[in-house]
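Taking it in order: structure first as structure tokens, then the write-up.
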Amino acid sequence: MKAVLALGLSFIRVSLRERSSLFWFWIFPLLLLGFLGAVFGRVEKGKMDLRVTVVDLDRDFLSQALGAVVREIGESGLFQVVEVPESQGDPRKWAEREVREGRIHAALVIPRGFSLDLQGFPRAKADPVRLEVLYRRGEAGSSTAASILSEAVEEFGRSFLAETGFLRRKIPVEKEFVGGEERAIAYVEFILPGIILMALFVNGIFHVPSAVVLAKETKILRRYFATPLSGSEYLAGFALALVWMSAFQIAAIWALGRFAFGARVPLLRPEALLYLLLAFGVSLGFGFLISSFSRTFAVAAALSNLLNLPLQFLGGLYFPLASLPVPLRVVMAINPLTHLAQGLRASLGLETPSFPAWANLLVPLFWIFLSAFLSGRRLRLTEE
Amino acid sequence: MSEKWPLRAGVYCGVVLLRVRDLRKSYGPVRAVDGVSFSVEKGKVFALLGPNGAGKTTTVEILEGLRLPDSGEIELFGERVTRIGPREKVRMGVLLQEAAFEPYLRVQEVLRLFSSFFPKARPPGELLTLVGLSDKARALVKTLSGGQKRRLALAVALLNDPELLFLDEPTTGLDPQARRHVWDIIAELRCQGKAVFLTTHYMEEAEALADWVAILDHGRIIAEGTPQNLIRRFGAETFLEFEIPKETFPELSQLFPGKARQDGERVTMAVQDLPNDLSSLLSWAAGKGVVLRNLLVRQPNLEDVFLSLTGRRLRD
């Protein structure tokens with residue numbers, strides 16, 4: 001353990017002293033965010049695919065009719081209606097969680113007694129039954145979805161109920177935010193997770209070959225392994241350093257986004273942390289994969305450059321990829337950065353993923369296991 | 001050089017720390033090490049000499065645990081081992097031929113880092129004083145000269161106070177004063193009972209330091225013994241060395257057939273009868289008007305032994 005910690009510390013020292021490492025590791029991501037933030041910081045990002053749900057606790061004919069109206073509006077392409085899973089014991093709690101965690105933009109909750117109340121039947125409580133719309137504040141998609149649901153209820157009241165004669169008064173709708181703050185989303189918030197992923201990815205694909213191929217080529221590894229130090233201790237020391245450096249790097253990017261551009265990106269959400277962890281794994285995996293196929297550092301650097309930009313740009317790190325031509329969509333679909341970016345942004349409430357959540361988890365995991373398997377078979381830290 | 005540097009009596013005679021039998025290693029069709037056997041004793045300096053490509057580096061790397069042999073037996077610290085692992089490396093110190101350290105670490109950081117690889121280590125300050133690098137403790141490795149890097153490598157090799165020390169060309173790149181200082185350190189280590197496995201390009205170094213010399217060529221040990229015995233075996237010849245214009249050499253070699261050897265303008269002649277041969281040489285030079293520049297008379301040394309056995313100079 002002593003050796004692992006000492007190695008980790010030495011990697012950190014080197015990264016702070018070596019100019020190219022200092023620039024690409026610590027400065028470039030901040031510069032990129034600074035540039036994009038300054039140019040596009042206040043621009044609102046594009047159209048979102050909205051997802052809503054209807055929680056019908058009343059289960060009477062009027063509540064079902066309201067649900068049908070919402071679904072009908074959804075069929076026009078304005079949003080997608082997510083059905084409440086059968087297995088949910090408490091559908092309202094489920095909906096609240098889904099909205100809070102960004103998987104659904106807004107939920108319409110129809111309480112028990114809604115149909116009877118509208119028909120004017122006497123109830124124990126004098127207050128009219130109120131519909132609830134759950135949404136997240138500060139997220140354009142969620143606010144929009146909530147507004148559409150409110151409009152749908154009004155439309156329901158106006159056209160359907162008026163015609164059937166049940167309407168006695170305007171249906172009260174109460175919007176309830178379950179997270180976030182009221183504000184518009186800027187492009188800088190969309191780009192910030194992308195830059196974090198870019199930084200993590202670059203760390204892996206450039207630093208691992210440096211720590212493995214270059215250190216082997218310059219005989220530094222031979223010197224280490226002429227001592228009792230083992231290959232796994234060396235790699236653990238390197239990984240430890242990279243974890244620490246990446247954590248500081250993410251914190252620096254976040255801080256720049258927050259304090260210079262007012263970006264509010266809650267990275268400490270468990271789901272977001274999971275995607276960051278996966279991104280770290282993917283970047284290490286690609287780094288080791290490149291190292292295991294490179295005899296010299298020049299080859300490794302060429303491979304890293306060859307993979308770096310295409311994967312970044314076809315991973316939707318900087319802009320949405322909805323309009324890509326079909327062949328590139330295939331690359332996008334197998335690109336782990338696509339799924340990491342979508343998953344991370346969805347977990348932060350910044351984007352509705354075009355891929356299902358399981359794909360956003362499984363594709364990065366697949367790459368992690370594939371690269372671990374291939375690197376394990378091919379990578380040699382010593383001559384023998 | 002006929003005396004050890006400095007002359008000390010060994011008190012650990014006979015305790016073998018490293019024994020190698022019939023060590024073999026091939027790279028494809030090339031037999032890099034072809035049945036090498038030797039032993040290294042406690043309190044002794046063992047020197048392995050050989051021209052480039054003789055198999056010296058492969059042999060050393062196998063013993064340092066950086067390569068695996070194809071076959072052969074290695075007995076280290078009294079135990080037979082199939083591969084040299086962490087248990088053995090804890091008791092070994094290694095100075096590799098190329099002093100490769102992370103260029104952006106400071107000298108003292110390198111020592112602290114390597115200290116962490118061993119259960120116990122000598123204080124970095126003490127080692128830096130020993131190798132004369134105290135004033136460079138905070139310098140980045142990349143700013144060190146070749147000789148300073150070599151001394152840092154020696155300090156790293158001594159960090160764990162090893163029982164067996166592998167020194168692969170320890171004084172290459174050092175100035176004469178620093179070289180003598182390293183000789184002092186090696187001599188002191190021998191006195192402390194350490195076993196030293198030395199490879200060097202400097203014959204005078206092997207003569208000065210080694211208790212036992214093995215000459216390796218084409219993967220085989222072609223001669224071994226104490227430096228004095230090897231030189232004695234070579235015969236009672238005396239050497240004349242001088243410089244003459246290249247074009248006059250063919251005539252000289254006709255006068256002394258089989259005795260003269262040319263290396264550029266430098267000529268080395270092995271003579272049995274010094275007064276007569278020297279007289280003949282001077283007469284020839286006077287008759288032809290050839291100036292014998294830098295003429296010297298010397299006794300044979302390990303370089304001559306090496307040359308006669310391998311046909312090559314050590315640094316060829």
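Order of the sequence lines fixes the chain letters, A, B, ..., with proteins taken first and strands second; residue numbering starts at 1 for each chain. In this text the structure is predicted, and so the values were computed from the model without any measurement.
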By residue number, those in residues 136-155 of chain B with heavy atoms under 4.5 Å from heavy atoms of chain A are B:Leu140

- Query: Near A:Phe23 CZ, under 6.0 Å, is it more than 12 heavy atoms from other residues, nucleotides or ligands?
  - Reply: yes

Cut-off 4.5 Å, heavy atoms of chain A, and the answer for B:Arg106 is both

Within 6.0 Å of CZ in B:Arg220, more than 12 heavy atoms from elsewhere = no

Smallest heavy-atom separation, A:Ala6 atom then B:Ser116 atom, equals CB-OG, 3.3 Å

Sorted by chain and residue number, the ring pair (Phe, Tyr, Trp, His ring centres under 6.0 Å) partners of B:Phe197 (sequence neighbours excluded) come out as B:Phe38, B:Phe46, B:Phe166

Kindly list each side-chain donor-acceptor pair under 3.5 angstrom involving residues 195-204 of chain A, sequence neighbours excluded, with atom names and distances?
| residue | atom | partner | partner atom | Å |
| --- | --- | --- | --- | --- |
| A:Asn203 | ND2 | A:Ala199 | O | 3.3 |
| A:Asn203 | ND2 | A:Ser246 | OG | 3.2 |
| A:Asn203 | ND2 | A:Gln249 | OE1 | 2.7 |

In this structure, CZ of A:Arg223 is separated from CG of B:Leu66 (nearest 0.5 Å) by 9.0 Å

Looking only at B:Glu109, B:Glu98, B:Glu88, the option with the highest number of non-hydrogen pairs under 4.5 Å against chain A is B:Glu109

Under 4.5 Å to a heavy atom of chain B? For A:Ser10 that would be both

Are the charged groups of A:Arg17 and B:Glu102 less than 4.0 angstrom apart, N to O?
no

Heavy-atom neighbours of A:Arg378 CZ exceed 12 at 6.0 Å
yes

- Message: Would the distance check show the side chain of B:Lys89 and the main-chain N or O of A:Phe225 forming a donor-acceptor pair, the cut-off being under 3.5 Å?
- Response: yes

State plainly whether the residues B:Glu64 and A:Arg222 are in salt-bridge range, i.e. N to O under 4.0 Å. no

Counting heavy-atom pairs under 4.5 Å with chain A, the top scorer among B:Ser115, B:Gly85, B:Ala100 is B:Ala100

Here the gap from A:Leu229 atom CG to B:Phe114 atom CZ, rounded to the nearest 0.5 Å, amounts to 8.5 Å

One option among B:Leu95, B:Val90, B:Leu105 has the most heavy-atom pairs under 4.5 Å with chain A, and it is B:Leu105

What one should report as the nearest heavy-atom pair of B:Phe117 and A:Ala3 is CD2-CB, 3.7 Å

Sorted by chain and number, sequence neighbours left out, side-chain hydrogen bond (donor to acceptor under 3.5 Å, both in side chains) with A:Ser232 holds for A:Ser230

